[in-house]
Chemist: 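Pasting in a structure now, in structure tokens, and then I'll have a few things to ask.
Each residue takes its place number in the sequence, starting with 1.
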Amino acid sequence: LLTFRCYFAGLAPGRQQRRPSSTDYRVVMALAVRSLLEHAPRRGVPRLAGALARRFSTAGGACERRYVEMYDTTLRDGTQGEGVSLSLNDKLQIAERLDEMGFDFVEGGYPLSNEKDVAFFECVKSLNLRHARVCAFGMTRRRGIRAQDDPGMLALLRSEAPACTIVGKTWDFHVTEVLRVSLEENLDMIRESVDVLHREGRYMVYDAEHFFDGWKANAEHARDTIRAAAEGGARTIVLCDTNGGTTPEEIGTLTRAAIDAVSDFEGVTVGVHCHNDCDLAVANSLAAVEAGASQVQGTINGIGERCGNADLISVAANLGLKRAGAFEVLAQNRRHAGFEGLTELSRFVYETANLSLRPGQAFVGRSAFAHKGGMHAHAMQLASTSYEHIDPALVGNERRILVSELSGRSNIAALTKAAKITDPEVNKKVLEEVVQLENLGYQFEAAEASFELLVQKASGAFTPHFTRVKYNVDVETSGPCVHGGSDAVGQLNEATVKIRLPDGSVRHEVAEGDGPVGALDAALRKSLDDFYPTVQDLHLIDYKVRVVNGAQAGTGAVIRVIIESSDKRTGRIFSTIGVSTNIVEASWKALNDAVEYKLLHDQENANKARAERAAKDAVVSAAINASKQACNPSSVRASRAVHTGAQSPPFRL
């Protein structure tokens with residue numbers, strides 16, 4: 001309180017009467033801690049005060065932001081997830097994206113485990129990574145062998161990675177029952193393994209496996225293990241919640257204990273690596289940072305073994321956007337301003353790993369800023385913060401207003417407004433059309449592209465890029481019905497498509513595919529290719545089929561097909577829908593909408609580019625005309641005539 005009064009006494013008179021801000025409190029805390037350091041030399045108090053001083057340090061009266069390193073292990077720990085596999089080229093592309101986004105460490109793999117990881121460390125040298133440290137992962141030396149002779153240590157050295165991460169045992173149960181060595185030898189294994197790599201100039205990170213479980217079982221040995229790593233030369237001690245069963249409260253308490261345990265080692269910091277078995281990995285990571293951790297390990301989208309890892313997308317967004325400027329992450333981001341590239345990065349990793357996007361993923365999911373209820377949409381038009389915690393654009397995402405049986409006029413008005421349509425009669429017509437189509441089985445909340453086309457048609461602004469004349473699909477099979485094996489054996493899928501183009505010409509093409517829908521898609525693209533070559537940029541991501549009324553109609557039920565597509569040229573992802581009692585016809589409707597939506601936006605982008613070029617040309621033309629007029633002798637004489645006497649300045653080119 002005394003420090004607080006003294007601080008405000010030094011402010012200008014006008015500022016003394018205002019309400020104290022959070023910055024004021026932080027400055028006061030820093031001053032009080034410095035006073036505590038000077039006047040309370042008791043054991044333990046200076047150490048605590050020093051940590052607080054670093055946390056609330058000031059420069060020129062302004063509070064410093066604490067930098068938190070982002071350590072990505074998607075390329076190793078992420079690939080341990082079920083159904084996750086990355087090729088060598090995939091891993092190199094992801095590494096480049098992570099570097100561009102400002103990630104501090106990229107863990108490339110375990111060079112002793114497989115040839116692909118060995119090749120990665122060889123190929124990554126040719127990449128122009130400008131910020132991220134490439135890390136090689138390994139384990140402590142084996143029992144009964146010198147660290148310098150251990151195959152794992154030698155593989156890490158041969159990788160030539162500038163940083164190495166060594167994982168070691170913290171839990172005494174694992175030491176005695178899994179490794180079957182004494183607690184003393186475990187400490188030697190940790191210390192010597194880190195030391196042999198540190199002496200070769202590697203930046204060393206030590207992963208304390210099962211740290212939190214180990215500390216609760218035997219705090220003394222757990223403390224000794226991380227000190228042994230620091231003695232060997234580890235720069236960062238990472239506390240691993242390997243089983244993913246620790247709560248945020250425990251994480252905070254034990255992180256502070258670990259920081260205290262290595263506080264006498266200059267330059268040694270503490271990080272955290274949380275697994276998501278209790279759905280707390282992100283919360284636990286944030287709790288560790290609040291307790292003083294300066295590095296967070298995890299994966300993009302949280303992929304990984306069992307329930308996954310901490311999602312670094314959410315961790316980075318929470319630290320960078322939610323803590324009132326207390327923390328700084330991804331400072332070397334070169335690809336986007338701020339955090340605008342998080343959505344693009346998330347989806348790039350999903351597509352590269354051939355995984356389905358999680359619509360409800362925080363910050364970057366397609367449903368993260370989607371609003372369905374009419375009351376919500378109405379409130380969003382009045383104030384976007386009423387149902388959104390941040391502006392979606394801050395993370396590169398976008399707001400979506402959904403259309404369904406729960407929709408009111410507010411949803412329709414919001415969507416038509418985005419299409420620059422404000423006529424209330426059009427809104428009424430769209431709402432009536434939506435209600436009618438949903439009664440037939442359509443569901444526009446999952447097919448925003450089809451809805452946009454519906455709005456264009458209702459307003460009379462839509463001109464089709466092609467018209468179907470007819471199509472035919474043949475499926476021929478031979479031989480007995482056998483489950484398993486390749487469906488391609490004895491099967492022929494052929495589609496013929498006949499369409500009319502805007503110039504009146506008719507295209508009639510035939511194509512084959514792996515299935516009837518694939519053949520139909522190939523034939524449609526083939527017929528459009530010469531007239532609309534950009535249609536080849538359209539890529540099918542997902543194909544979903546749902547029976548709408550199967551319980552009542554049996555095999556004659558109405559089928560709903562939703563196709564999710566991406567435009568390789570723009571990165572846009574969108575969905576279209578088709579409904580019919582014929583699955584091929586439903587698929588055609590969804591394919592038709594996908595192509596029309598793609599061509600519609602291509603046309604809009606082309607018109608925008610032409611308008612920008614025309615504006616630039618007009619500026620250049622005006623400048624040229626002005627220059628010509630300035631150089632015209634008659635113009636020069638006229639200019640001189642305006643000025644008379646000695647005040648007329650001479651005109652020179």
Side-chain angles (χ1 to χ4, degrees), residues 301 343-344 346-348 350-351 354-361 364-372 377 392 396-407 411-412 414-416 418-419 430 433-434 437-438 440-458 462 464-465 515 517-518 520-521 524-525 534-548 558-580 583-602 604-605:
N301 303 322
T343 298
E344 179 186 346
S346 169
R347 294 176 183 177
F348 176 80
Y350 274 128
E351 292 221 23
N354 198 25
L355 298 172
S356 299
L357 280 68
R358 282 192 291 133
Q361 185 175 352
V364 298
R366 295 187 70 245
S367 301
F369 301 96
H371 307 279
K372 183 173 180 178
N397 210 339
E398 60 183 359
R399 180 179 302 123
R400 296 169 60 231
I401 305 298
L402 306 180
V403 179
S404 74
E405 71 280 358
L406 298 178
S407 303
N411 291 59
I412 302 297
L415 287 165
T416 54
V430 170
E433 186 76 7
V434 167
L437 290 174
E438 291 218 341
L440 297 176
Y442 281 81
Q443 194 179 58
F444 287 103
E445 65 179 272
E448 71 284 354
S450 290
F451 178 78
E452 185 175 326
L453 293 175
L454 185 152
V455 172
Q456 294 281 340
K457 293 172 184 176
F462 178 75
H465 294 85
V517 177
L520 192 62
D521 178 45
L524 176 59
R525 290 170 184 264
T534 60
V535 76
Q536 298 303 330
D537 294 330
L538 195 62
H539 175 61
L540 186 145
I541 297 177
D542 202 359
Y543 176 87
K544 302 173 185 175
V545 180
R546 180 71 183 269
V547 176
V548 177
V558 173
I559 303 296
R560 179 195 301 135
V561 170
I562 294 179
I563 292 178
E564 189 173 23
S565 306
S566 71
D567 187 341
K568 292 182 180 179
R569 180 167 299 190
T570 63
R572 183 192 294 267
I573 297 174
F574 55 89
S575 298
T576 53
I577 189 171
V579 174
S580 174
I583 189 172
V584 176
E585 174 64 12
S587 301
W588 168 268
K589 291 178 179 178
L591 285 171
N592 182 91
D593 276 8
V595 174
E596 285 285 11
Y597 183 81
K598 154 73 175 168
L599 296 177
L600 175 66
H601 280 270
D602 282 352
E604 291 178 351
N605 292 335

Chemist: Could you tell me whether Asn605 atom CG has more than 12 heavy atoms of other residues or ligands within 6.0 Å of it?
Modeler: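 Yes.
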Chemist: Going by distance alone, is a donor N or O of one side chain under 3.5 Å from an acceptor N or O of the other, for Ser587 and Tyr543?
Modeler: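 Per modelled atom types, Ser587 and Tyr543 side chains form a pair under 3.5 Å.
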Chemist: Which heavy atom in Ile573 sits nearest to a heavy atom in Arg366, and how many Å separate them?
Modeler: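 Smallest interatomic distance, heavy atoms only, reads O-NH2, 4.1 Å.
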Chemist: Sub-3.5 Å donor-acceptor pair from the side chain of Asn397 to the main-chain atoms of Phe369, do we have one?
Modeler: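 Here the side-chain-to-backbone pair does not exist.
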Chemist: Any side-chain heavy atom of Tyr597 within less than 4.5 Å of one from His601?
Modeler: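 The answer is yes; the side chains approach within 4.5 Å.
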Chemist: Return the minimal non-hydrogen interatomic distance between Asn301 and Arg358, and the atom names on each side.
Modeler: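 Shortest heavy-atom contact: O-NH2, 3.2 Å.
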Chemist: Which heavy atom in Tyr442 sits nearest to a heavy atom in Ile577, and how many Å separate them?
Modeler: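 Heavy atoms of Tyr442 and Ile577 come nearest at CD2-CG2, 3.6 Å.
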Chemist: Between the main-chain N or O of Ala447 and the side-chain N or O of Ser575, is there a donor-acceptor pair closer than 3.5 Å?
Modeler: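 No.
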Chemist: How long is the straight-line distance from CG of Asp542 back to CG of Leu357, given to the nearest 0.5 Å?
Modeler: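 With rounding to 0.5 Å, CG (Leu357) is 9.5 Å from CG (Asp542).
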Chemist: Distance-only, no hydrogens or angles: does the Lys598 side chain make a donor-acceptor pair with backbone N or O of Val535 under 3.5 Å?
Modeler: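 No, because the side chain of Lys598 does not come within donor-acceptor range (under 3.5 Å) of the backbone of Val535.
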Chemist: Closer than 3.5 angstrom, by distance alone: can the side chain of Ser566 be matched with the main-chain N or O of Lys568 as a donor-acceptor pair?
Modeler: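 No, because the side chain of Ser566 does not come within donor-acceptor range (under 3.5 Å) of the backbone of Lys568.
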Chemist: Find out whether Arg525 and Leu538 are in side-chain contact, i.e. whether some heavy atom of one side chain is under 4.5 Å from a heavy atom of the other.
Modeler: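 Arg525 reaches Leu538 side chain to side chain.
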Chemist: Would you call Asp521 and Leu540 a side-chain contact if the rule is heavy atoms closer than 4.5 Å?
Modeler: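 With C-beta onward as the side chain, the pair stays apart.
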Chemist: Of all the heavy-atom pairs spanning Ile559 and Val548, show the shortest one and how long it is.
Modeler: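 Of all heavy-atom pairs spanning Ile559 and Val548, the closest is C-CG2, 4.4 Å.
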Chemist: CD1/Ile541 to OG/Ser356 distance, rounded to the nearest 0.5 angstrom?
Modeler: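 Here the interatomic distance stands at 9.5 Å.
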Chemist: How long is the span from the CG atom in Leu437 to the CZ atom in Phe444, to the nearest 0.5 Å?
Modeler: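 Going from CG on Leu437 over to CZ on Phe444, the span is 4.5 Å.
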Chemist: Are any of the side-chain nitrogens in Lys457 or Glu452 under 4.0 Å away from the carboxylate oxygens of its partner?
Modeler: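 Salt bridge absent between Lys457 and Glu452.
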Chemist: Is the shortest heavy-atom distance from the side chain of Val561 to the side chain of Trp588 under 4.5 Å?
Modeler: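 No, every pair of side-chain atoms sits at 4.5 Å or beyond.
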Chemist: Could you walk me through whether Arg569 and Thr534 pass the side chain to side chain contact (heavy atoms under 4.5 Å, CB included) check?
Modeler: CA-CA 9 Å; Arg569 180 167 299 190; Thr534 60; 3.4 Å; yes
Chemist: Do Lys589 and Asp593 sit within salt-bridge range, that is, some charged N less than 4.0 Å from a carboxylate O?
Modeler: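 Asp593 and Lys589: not salt-bridged.
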Chemist: Decide if atom CD of Gln536 counts as having more than 12 heavy atoms of other residues, nucleotides or ligands within a radius under 6.0 Å.
Modeler: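 Counting neighbours around CD of Gln536, more than 12 heavy atoms of other residues, nucleotides or ligands fall under 6.0 Å, so yes.
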Chemist: Is there side-chain contact between Val584 and Leu520, with at least one heavy-atom pair below 4.5 Å?
Modeler: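 Side chain of Val584 against side chain of Leu520, heavy atoms only: contact under 4.5 Å found.
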Chemist: With side chains defined as the heavy atoms from C-beta onward, is the minimum distance between Asp602 and Asp537 less than 4.5 Å?
Modeler: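 Result no, sub-4.5 Å side-chain heavy-atom pair not found.
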Chemist: Quick one, Leu454 with Val430, criterion side chain to side chain contact (heavy atoms under 4.5 Å, CB included). Give me CA distance, side-chain angles, the key distance, then yes/no.
Modeler: CA-CA 7 Å; Leu454 185 152; Val430 170; 3.8 Å; yes
Chemist: Between His465 and Leu600, which heavy-atom pair has the shortest distance, and what is it?
Modeler: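 Result for this residue pair: CE1-N, 3.7 Å.
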Chemist: Would you give the length of the straight line joining atom OG1 of Thr343 to atom CD of Glu398, rounded to the nearest 0.5 angstrom?
Modeler: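 Thr343 OG1 to Glu398 CD: 9.0 Å, rounded to 0.5 Å.
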Chemist: Ala594 and Ser565: which non-hydrogen atoms are nearest, and at how many Å?
Modeler: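 Heavy-atom minimum between the residues: CB-OG, 4.0 Å.
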Chemist: Could you walk me through whether Gln361 and Tyr350 pass the side-chain hydrogen bond (donor to acceptor under 3.5 Å, both in side chains) check?
Modeler: CA-CA 12 Å; Gln361 185 175 352; Tyr350 274 128; 2.7 Å; yes
Chemist: Determine whether more than 12 heavy atoms belonging to other residues, nucleotides or ligands lie under 6.0 Å from atom CZ of Arg546.
Modeler: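 Incorrect, the count does not exceed 12.
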